[in-house]
Amino acid sequence: MKLTYLKRGIAAVLMALCAHAFLPGKAHAQEKSWDTIRIATEGAFPPFNLTKQDGTLDGYDVDLSNALCERMKAKCTIIAQPWDGIIPALNAGKYDAIVAAMSANPERAKVVSFTIPYAAGGLTFLTSKDNSLADVPYVDTLIRLDDAKDADSLKDALAELNTVFAGKVAGLQASTIATEFFHKYLPDVEIREYKGNEAELDLAAGRVDMIMASLMYLSDLVKQDGKENLVLFGPRFGGGLLGQGAAIAVRQEDDALREKLDAALEELKADGTMKEISMKWFGFDVTP
Amino acid sequence: MDFEFLGQTFLKLLPGIPVTLELATLSLLLGACLALAFAVIRVRRIRPLNWLVIGYVYVFRGTPLLVQMFIIYYGLAQFPEIRNSFAWTYLREPYWCALLALVLNTAAYGSEILRGALLSVPRGQIMAAQACGMSGFLLFRRISFPIALRQALPAYGNEFILMIKATSLASLVTLADVTGIAARIIAETYRPVEVFVAAGTIYLAISYGLILLVRLAETRLNPDQRDPAPVARVDAARKEVTP
């Protein structure tokens with residue numbers, strides 16, 4: 001008999017624990033005052049976010065996060081997380097926000113919610129100077145996928161790209177908007193998907209002919225030592241499935257946190273702090 | 001767990017199976033040939049090849065397959081000499097790089113398994129064969145190799161299964177094998193649990209088929225273990241005991 005009581009006792013404790021773990025969910029999240037926030041970044045996408053030689057994180061995203069936390073009077077920890085698992089880990093509760101040059105696009109907005117954008121510039125292409133694609137000129141005007149007045153230039157640009165991309169291979173980072181862009185707008189072009197930014201190595205080795213990525217990232221890349229052989233080309237795209245620019249991602253139930261971040265971003269925009277950080281890392285203003 | 005999504009994912013992963021199977025089959029076949037050659041070099045102590053093989057086995061067993069694959073795929077591509085050589089026709093393609101890494105890796109492990117098996121061939125059997133006038137390749141083909149193969153099979157079966165799973169690393173050099181497609185689906189849907197469960201099930205099914213094949217080969221190669229009912233075996237045992 002004693003054993004039965006003991007068993008019942010254990011069962012009751014276990015059930016209580018389970019109930020605690022599963023039931024409160026939302027109520028618990030709303031109670032949170034967000035004075036401590038865990039932020040994830042990739043740490044491999046300079047100048048947005050990078051890992052320094054000593055292992056610490058730095059970059060535009062990191063400086064911006066620190067400025068935001070200062071405004072919100074929150075204690076923040078910033079951790080590095082590989083890109084391909086960055087959204088699942090947010091939803092699994094490993095951290096509370098992603099500040100990693102993530103474009104706020106409709107596909108992602110189905111699983112996370114985004115703050116207002118904090119950097120915008122669109123996406124463009126990169127190739128090496130000895131590739132025939134280098135003959136395609138770089139056009140510094142943004143073609144918006146969702147804007148009716150850009151519809152004609154979009155059609156022309158895609159028609160031209162489809163011709164010059166015949167027989168070429170694009171190296172793209174998996175789970176980025178660039179891959180989505182190719183799937184939807186240039187489905188006939190052969191693509192290879194990489195976990196991180198190894199596509200750059202394969203561009204240098206001549207295994208792929210081009211890369212598509214954020215202009216802000218690529219324009220910094222071509223300035224680096226040893227990358228003199230790389231050149232931007234083609235048109236610049238934004239809007240639609242490419243999103244409105246980089247934004248901070250939070251879990252969908254964490255509205256309070258999103259509103260807090262939105263307010264702080266507006267402040268940083270208004271008083272010029274965002275521009276200051278942007279000048280430091282990009283050399284030009286990426287404030288949307 | 002969303003079972004409808006799980007089913008859809010499963011169907012989407014099916015096109016990756018041929019790539020996985022092809023990589024595994026080719027690497028195991030080529031790897032086994034190399035392994036046999038290396039094992040013979042080691043057992044016969046053919047110098048200086050013996051030293052080379054010892055070094056090779058040491059390096060390839062001592063480093064992770066992932067590192068080997070990255071060095072072969074990204075590392076070799078850094079040298080213009082290699083990019084300008086005839087080898088680049090193959091090394092340019094992720095498929096051949098992945099296959100090369102898998103073959104070299106399994107050959108290192110396989111050669112040790114086969115070396116152990118060759119060493120375990122009873123001395124008496126070899127002497128008996130020599131007494132019958134056999135030597136050299138004939139003795140190896142008729143006596144040493146068949147006995148060694150029987151010894152090696154259980155351990156080599158392990159290596160088969162490990163290789164099936166090792167092919168999943170090929171997805172890191174952009175190949176669309178089962179894991180490669182799984183990674184893509186996760187990238188699109190952000191639902192890793194269902195996708196990994198479906199991918200895991202496929203690997204499990206392939207491994208199961210392989211286990212059956214190895215068991216079949218074992219029974220074929222060991223006639224004494226084949227059917228004739230357990231009664232017969234008891235009799236045989238008794239006969240040995242009774243003087």
Side-chain angles (χ1 to χ4, degrees), chain A residues 81-92 94 98 102-103 105-113 128 130 169-184 190-209 211 226 229 241 249 251-252, chain B residues 1-2 5 9 12 16 19 66-67 69-85 87-98 100 168-197 199:
Chain A
Q81 159 78 30
W83 180 255
D84 60 345
I86 207 162
I87 287 182
L90 172 76
N91 283 333
K94 306 273 183 219
I98 301 170
M102 184 179 277
S103 300
N105 71 330
E107 230 4 79
R108 290 183 184 127
K110 285 181 198 161
V111 283
V112 294
S113 45
S128 56
D130 45 20
V169 183
L172 307 168
Q173 186 173 359
S175 10
T176 58
I177 47 179
T179 19
E180 268 184 60
F181 179 82
F182 268 84
H183 283 313
K184 177 151 183 210
E190 188 189 335
I191 61 171
R192 284 198 199 145
E193 293 180 36
Y194 297 80
K195 242 178 137 64
N197 51 12
E198 299 94 349
E200 289 158 29
L201 293 172
D202 270 0
L203 180 65
R207 282 191 183 116
V208 300
D209 301 291
I211 283 172
N229 193 32
L241 64 76
R251 279 181 295 273
Q252 285 185 325
Chain B
M1 188 84 73
D2 177 347
F5 177 67
T9 306
K12 277 192 212 157
V19 184
L66 179 68
V67 172
M69 211 172 265
F70 271 24
I71 288 179
I72 290 174
Y73 186 74
Y74 292 113
L76 293 182
Q78 310 261 306
F79 302 101
E81 295 82 9
I82 287 177
R83 289 209 302 273
N84 295 327
S85 72
W88 188 241
T89 349
Y90 296 100
L91 290 176
R92 191 174 196 282
E93 299 302 323
Y95 182 84
W96 296 109
C97 287
L100 183 64
S168 64
L169 289 175
S171 65
L172 292 174
V173 292
T174 73
L175 281 186
D177 70 328
V178 174
T179 309
I181 298 179
R184 255 173 238 180
I185 301 174
I186 294 170
E188 283 161 19
T189 58
Y190 310 107
R191 292 164 79 170
V193 179
E194 286 94 340
V195 181
F196 280 137
V197 167

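Numbers restart at 1 for each chain; the letters A, B, ... are given by sequence-line order, proteins then strands.
Nearest heavy atom pair, residue B:Trp88 against residue A:Ala205, reads CZ2-O, 3.2 Å. Taking every heavy atom of both residues into account, B:Glu188 and A:Glu107 meet most closely at O-OE2, 3.9 Å. Across all their heavy atoms, B:Thr189 and A:Val111 have their closest contact at O-CG1, 4.5 Å.
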After noting the C-alpha distance and the side-chain angles of A:Leu201 and B:Gln78, does the key distance pass the side-chain contact (heavy atoms from CB on, under 4.5 Å) rule? CA-CA 8 Å; A:Leu201 293 172; B:Gln78 310 261 306; 3.6 Å; yes
Stepwise side-chain contact (heavy atoms from CB on, under 4.5 Å) check, A:Arg108 with B:Tyr190: CA-CA 9 Å; A:Arg108 290 183 184 127; B:Tyr190 310 107; 3.0 Å; yes
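In this structure, the portions of A:Glu198 lying under 4.5 Å from any heavy atom of chain B include both its backbone and its side chain. Contacts of B:Pro80 with chain A are absent, with no heavy-atom separation under 4.5 Å from either backbone or side chain.
Remark: B:Thr174 OG1 to A:Leu172 CG distance equals 11.0 Å, nearest 0.5 Å.
Side chain to side chain, A:Asp202 and B:Tyr73 meet the donor-acceptor criterion of an N or O pair below 3.5 Å.
A donor-acceptor pair is defined here as one N or O able to donate and one able to accept, closer than 3.5 Å; such a pair exists between the side chain of A:Arg207 and the backbone of B:Arg92.
Counting non-hydrogen atoms of other residues, nucleotides and ligands closer than 6.0 Å to OH of B:Tyr74 gives a total above 12.
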